[in-house]
*Asks:* 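The structure that follows is given in the form of structure tokens.
Chain identifiers are assigned alphabetically (A, B, ...) following the order of the sequence lines, protein sequences preceding nucleic acid strands; residue numbering begins at 1 within each chain.
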Amino acid sequence: MGAQLNKIFDNAMNSSLFKNKAVLQANFVPESIPHRDAQVEQVAGILVPILRSERPSNLFVYGKTGTGKTLSVQYVRQELQKKAVELGVDIRIEYINCKLKKVADTEYRILAALIQQMGGKVAETGLPTEQVYSKFIEMIDDKKQVVIIIFDEIDQIIKKISDDFLYSLTRLNSELSKAQICLIGISNDVTFLENIDPRVRSSLGEEEIVFPPYNALQLQDILNERCKLAFKDGVVDDGVISKCAAFAAREHGDARRALDLLRIAGELSEREGSAKIDLKYIDAANDKIEKDKIFDIVSTAPKQFQLILYSILKLTREKKIESIFTGDVFNYYQDLCKRTHNEILTQRRISDIIGETDMLGLTNANVISKGRHGRTKEIKLAFADHLLDKIESILIESLGL
DNA sequence: AGGTATTCACATGAAACTATTCTCTGAGTTAGG
DNA sequence: TAACTCAGAGAATAGTTTCATGTGAATACCTGT
């Protein structure tokens with residue numbers, strides 16, 4: 001009996017296609033970054049003065065998601081730190097991801113996170129902003145040093161807070177007597193710089209580096225490299241890699257997406273006991289990614305949001321009539337709320353929520369004018385038909401209908 | 001027929017309000033010396 | 001006496017309401033032929 005079980009376990013172990021799955025996960029930092037030599041060099045070139053304890057120029061990095069921005073910057077950071085230890089120079093490079101909600105979506109949460117990372121005592125906040133600032137200054141300014149702060153997804157804080165925050169940071173240098181700080185902003189919104197205070201723009205954008213999207217061939221290289229580490233030999237065909245690359249290239253050359261595809265295709269193959277990764281699993285993986293994304297959004301959305309989405313969904317199904325307008329949704333929604341004893345929000349808010357569904361890609365809502373019959377949004381569901389049932393049941397369950 | 005004015009049904013903005021969540025403070029409590 | 005807990009206070013946030021203003025084009029209304 002025990003032997004038999006063991007056999008099963010052994011089989012399970014052996015049938016694994018993976019050598020090291022972590023290689024395909026998002027936070028893996030490889031030893032080399034293919035096709036990003038130029039960018040890495042630029043970044044390094046700009047930051048290198050820190051090794052002489054001089055303040056590097058502020059740097060602004062942008063490019064679409066999955067173009068290796070974060071990776072390259074992190075890589076340079078690591079190398080700089082190694083080198084600094086070697087040379088006995090004291091440097092500090094802090095990294096903050098502004099996208100992680102818990103970490104930072106407030107001026108002082110960011111500062112608090114920074115302070116904490118630098119070994120300061122935990123969130124110190126009485127009269128918020130002011131005090132945290134002085135605490136922060138105090139911490140940095142205790143000795144002569146250059147501190148580099150990396151803000152990943154920096155556009156997020158600007159959206160959440162205002163650009164005052166960045167302005168105060170850039171101005172902070174004048175308040176520091178011994179230390180100096182240098183800011184690095186990473187953003188995937190290229191238009192982001194255009195919408196911020198010119199003063200901030202000029203100081204943050206002292207240097208700029210653009211990360212272009214990878215093309216399909218480059219993606220293949222990247223995938224190939226990771227495959228060697230991630231999978232056992234002979235598991236992955238060339239065809240598989242080029243297909244993953246092609247899929248991701250279509251999505252603005254997103255390497256992260258390509259790696260996800262590969263990993264999930266691997267997992268699917270493995271689950272089905274296949275000895276190789278078959279092309280068909282890539283399509284399945286692609287579906288799965290899309291699906292998971294949508295399901296996740298839908299199931300974690302706030303109640304009112306779900307109510308609206310449910311209303312749109314129901315209207316789409318019941319009415320075979322061409323298009324749905326804001327007013328229709330609002331009416332259905334009101335009934336729905338009455339039936340289910342939910343609070344009814346104003347039309348103003350509903351309008352905004354519909355806008356949100358559009359932003360998240362769940363619907364397409366376009367403002368159209370029906371002439372004499374007013375202006376409104378024309379709303380259509382944006383996901384594939386075969387997901388409708390599943391989404392409906394998610395909503396029904398989550399709303400307790 | 002061709003031009004102009006209206007008008008609808010919301011969109012879009014700004015400001016104010018509300019409930020809830022954080023964090024800190026300081027009083028009161030507890031335990032150890 | 002130091003450490004610890006816990007209620008209350010002040011501030012921040014997210015979500016929403018209220019008030020105000022904007023808007024594209026189908027239609028109603030002219031106008032002169």
*Asks:* What distance do A:I394 atom CD1 and A:L309 atom CG have between them, rounded to the nearest 0.5 Å?
*Replies:* 10.0 Å

*Asks:* Are A:R349 and A:E356 ion-paired here, with the side-chain N under 4.0 Å from a carboxylate O?
*Replies:* yes

*Asks:* Would you kindly check if the NZ (Lys) or CZ (Arg) of A:K69 is within the cone defined by 45 degrees around the ring axis of A:Y62 and under 6.0 Å from the six-membered ring centre?
*Replies:*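 No; the conditions do not both hold, so A:K69 does not lie above the ring face of A:Y62.
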
*Asks:* Contact list please: residues 346-365 of chain A against DNA chain C, heavy atoms, distance less than 4.0 Å, in numerical order.
*Replies:*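 Residues of residues 346-365 of chain A that come under 4.0 Å of DNA chain C are, in numerical order, A:T346, A:R348, A:R349.
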
*Asks:* Specify the separation, in whole Å, of atom CG of A:N366 and atom P of B:dA11.
*Replies:*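 Going from A:N366 (CG) to B:dA11 (P), I get 12 Å.
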
*Asks:* Rounded to whole Å, please give me the gap between CD1 in A:I344 and C1' in C:dT17.
*Replies:*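 It works out to 14 Å between those atoms.
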
*Asks:* Using whole Å, report how far CD of A:E343 lies from P of B:dT18.
*Replies:* 13 Å

*Asks:* Look up atom CD in A:Q42 and atom CD1 in A:I209, then write down how far apart they are to the nearest 0.5 Å.
*Replies:*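 Going from the CD atom of A:Q42 to the CD1 atom of A:I209 covers 4.5 Å.
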
*Asks:* Under a 3.5 Å distance rule, please check whether A:Y333 uses its side chain to pair with a backbone N or O of A:L345 as donor and acceptor.
*Replies:* yes

*Asks:* In whole angstroms, how far is the P atom of C:dG15 from the CG atom of A:N342?
*Replies:* 16 Å

*Asks:* Output, in order, the C-alpha distance, side-chain angles, deciding distance and verdict of salt bridge (charged side-chain N to carboxylate O under 4.0 Å, His left out) for A:D389 and A:R317.
*Replies:* CA-CA 11 Å; A:D389 285 326; A:R317 299 200 126 181; 2.9 Å; yes

*Asks:* Does A:R36 count as lying over the ring of A:Y214, i.e. NZ or CZ under 6.0 Å from the six-ring centre, within 45 degrees of the axis?
*Replies:* yes

*Asks:* In whole angstroms, how far is the C1' atom of C:dT16 from the CD1 atom of A:I308?
*Replies:* 13 Å

*Asks:* Does A:F325 have A:K370 sitting over its ring (NZ/CZ under 6.0 Å from centre, angle to axis within 45°)?
*Replies:*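 The answer is yes; both the distance and angle limits are met.
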
*Asks:* Check the interface with nucleotides 1-3 of chain B: list each N/O to N/O pair with the protein under 3.5 Å, or write none.
*Replies:*
none

*Asks:* Rounded to whole Å, please give me the gap between NZ in A:K303 and C1' in B:dA19.
*Replies:*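 Nearest whole value for this atom pair: 14 Å.
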
*Asks:* Using a cut-off of strictly less than 4.0 Å between a heavy atom of the residue and any atom of DNA chain B, enumerate the qualifying residues of residues 367-375 of chain A by number.
*Replies:*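 Heavy-atom cutoff 4.0 Å gives A:V367, A:G371, A:R372, A:H373, A:G374, A:R375.
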
*Asks:* Report the distance from atom CG of A:L345 to atom P of C:dA14, rounded to the nearest whole Å.
*Replies:* 17 Å

*Asks:* Between A:N366 and A:K377, do the side chains contain an N or O donor and an N or O acceptor separated by less than 3.5 Å?
*Replies:*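 No, no side-chain donor-acceptor pair sits under 3.5 Å.
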
*Asks:* Are more than 12 heavy atoms, taken from residues, nucleotides or ligands other than A:D385, located less than 6.0 Å from that residue's CG atom?
*Replies:*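 No - once you tally the heavy atoms of other residues, nucleotides and ligands closer than 6.0 Å, there are 12 at most.
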
*Asks:* Of all the heavy-atom pairs spanning A:C182 and A:S57, show the shortest one and how long it is.
*Replies:*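 Minimum heavy-atom separation between A:C182 and A:S57: SG-O, 3.5 Å.
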
*Asks:* A:I324 has an atom CD1; how far is it from atom P of B:dC10, in whole Å?
*Replies:* 13 Å

